[in-house]
Number of protein chains: 2
Amino acid sequence: MTVACVSRKTKPGARRKLVLDQFAPYRIVALGHAISGRLARAYRDENITIPEWRVLAVIGEANEVAARDVVKRTPMDKMTVSRAVASLEQKGFVKRAPHKDDRRVSMLSLAPEGQDVFDRIAELALAFEDDLMSTLEPEEAAAFRLALEKLEEKARLNGQVE
Amino acid sequence: MTVACVSRKTKPGARRKLVLDQFAPYRIVALGHAISGRLARAYRDENITIPEWRVLAVIGEANEVAARDVVKRTPMDKMTVSRAVASLEQKGFVKRAPHKDDRRVSMLSLAPEGQDVFDRIAELALAFEDDLMSTLEPEEAAAFRLALEKLEEKARLNGQVE
DNA sequence: CCAAGTTAGTAACATATGTTACTAATTTGA
DNA sequence: TCAAATTAGTAACATATGTTACTAACTTGG
C-alpha cells in the first residue's frame, strides 16, 4: 500500500496559471479527438459511423448481446445505441432475435455481412493501434495502459457524483 | 515435415482478436469522454459551452489573438470557433478590436467579466486536474504526460496523410 | 392478483456540430 | 497593375447528437 502523497511541484497557495498545453485533461481529450479522426477513415470507407462501429465491436466481441449491454459497455446513451442498431439492421449487418423470456429485449448478433465488415475494420483498427503505440517503448506502453485504467476509474467515479 | 497448424506467435499482420477494453485508442477516447463530462459541470454553472471555454482559455493565455490562432491551437474547426466567439461577444465576455493592418481579422481579448469567468473556471479545472492526476505517482504522471505528447504527435502526423 | 414502480426501447423535439459555399480582404505574379 | 489565387470569417443548409417523455413489458410488495 502506497502512501498517497499528493505533492505538487508548485508551492502551496501559489496560484498556477492555466496553460492549455500543460493541462492534462485537455491533452487527453485532444488526443482522443485526433485518434477519432484518424480511425474515422476506416469506418468511412465502409459507410459506418462511430456509434455503429462501437455497436459492431461489442456484438463482435460477445456474439449475442442486448442493446442495454452495449449501453453499459460504451460511453453512449441508449438513444445513440438505439439509432445505431436500427441503422445497422437496415444495412443488413445486424440481426435481432427475440429474447427467450423478456419480450422487451431483442438479442443482437452479427449477420454474415456484418461479420465481414467487422473483420475488415478490426484489422485496420489493430494495425492503427500497433502503429500508434509503436512510438512508445514496451515498458512505456505498459505504464501508459495502466495509467489510463487508473485515470478512467477516477474520472468515472467522480462522474457518478451528481 | 509438414506445417501442422498456424503459429500463435505474434508477428506483423498476425490476426489478433479486437477486444474493446484492451484497445488503446478506444480507451483513450473513452477517458476523454469521461473527462469532458466531468469538466462540463464547471462550464455549465457559468453558462459556457465547451467550445466557448476553449476559446476563453486560449484568449486568457495569450491576451490578444485572432480567431484563426484559436483554430490552430485547438481541435476545433473555424466555424465552431466563429460561433463560440460570436456567443462570447454577445454575453459580454470577449471584445473584438480591428487588426492593425488586416481588415479581415479582429483581435480578440477578454472583457473584465470574461476574465472573471475564466478565472473561476480555471480554478475549478486546475483543481480537477490535481484530483485526477493524484491517482498517479509523480513519476507515473510524468511518464504519462510524456507518452501523451508522443502519441498526439503520432496521431496528428498520420492524420495529415490523405 | 394487481397497483405502483422499474426497465428496454423509441419517437419527437431541441440543440449542436459539420459541410459547403459564399463575401470581403489581402497577396501573388505575369 | 490587375486577374487569379489565398485567407479570414460567416451564412445557410444538412446531419448528428442529446433530452424529454412516452409505450410496452416486466417486477415487486401488499
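Chain A is the first sequence line, chain B the second, and so forth, proteins listed ahead of strands; every chain is numbered from 1.
The minimum heavy-atom distance between A/Ala155 and B/Leu31, with the atom names listed, is CB-CD1, 4.2 Å. In terms of heavy-atom proximity, A/Gln22 sits nearest to B/Arg145 at O-NH1, 3.0 Å. When every heavy atom of A/Val29 is checked against every heavy atom of B/Ser36, the shortest pair comes out as CG2-OG, 3.7 Å. Closest of all the heavy-atom pairs between B/Leu20 and B/Tyr26 is O-CD2, 3.4 Å. Taking all atoms of both residues into account, the shortest heavy-atom contact from A/Leu56 to A/Phe118 is O-CD1, 3.9 Å. Closest approach of B/Val81 to B/Ala67, counting heavy atoms only: CG1-O, 4.0 Å.
Within residues 89-99 of chain B, the residues that have a heavy atom under 4.0 Å from DNA chain D are, in order of number, B/Arg96. Of the residues in residues 101-108 of chain B, B/Asp101, B/Asp102, B/Arg103, B/Arg104 come within less than 4.0 Å of DNA chain C through at least one heavy atom, sorted by number. A heavy atom lying under 4.0 Å from DNA chain C marks the following residues of residues 67-82 of chain A, by number: A/Ala67, A/Arg68, A/Lys78, A/Met79, A/Ser82.
If you check the side chains of B/Glu52 and B/Ser87, you find a donor sitting under 3.5 Å from an acceptor.
Between the CD atom of A/Glu52 and the P atom of D/dA16 there is a distance of 9 Å, rounded to whole Å. Atom CZ in B/Arg44 sits about 17 Å away from atom P in C/dT15, given to the nearest Å.
Listed candidates were C/dT17, C/dG9, D/dT19. Nearest to the side chain of A/Arg83 is D/dT19.
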| field | Residue pair B/Val58, B/Asp69: steps toward the side chain to side chain contact (heavy atoms under 4.5 Å, CB included) verdict | value | CA-CA 9 Å; B/Val58 172; B/Asp69 301 319; 5.8 Å; no

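The cluster map of Ile, Leu, Val, Met, Phe, Trp and Tyr, joined by side-chain heavy atoms under 4.5 Å apart, puts A/Met107 and A/Ile59 in different clusters.
Taking 4.5 Å as the limit, every side-chain heavy atom of B/Ile35 sits out of range of all side-chain heavy atoms of B/Arg38.
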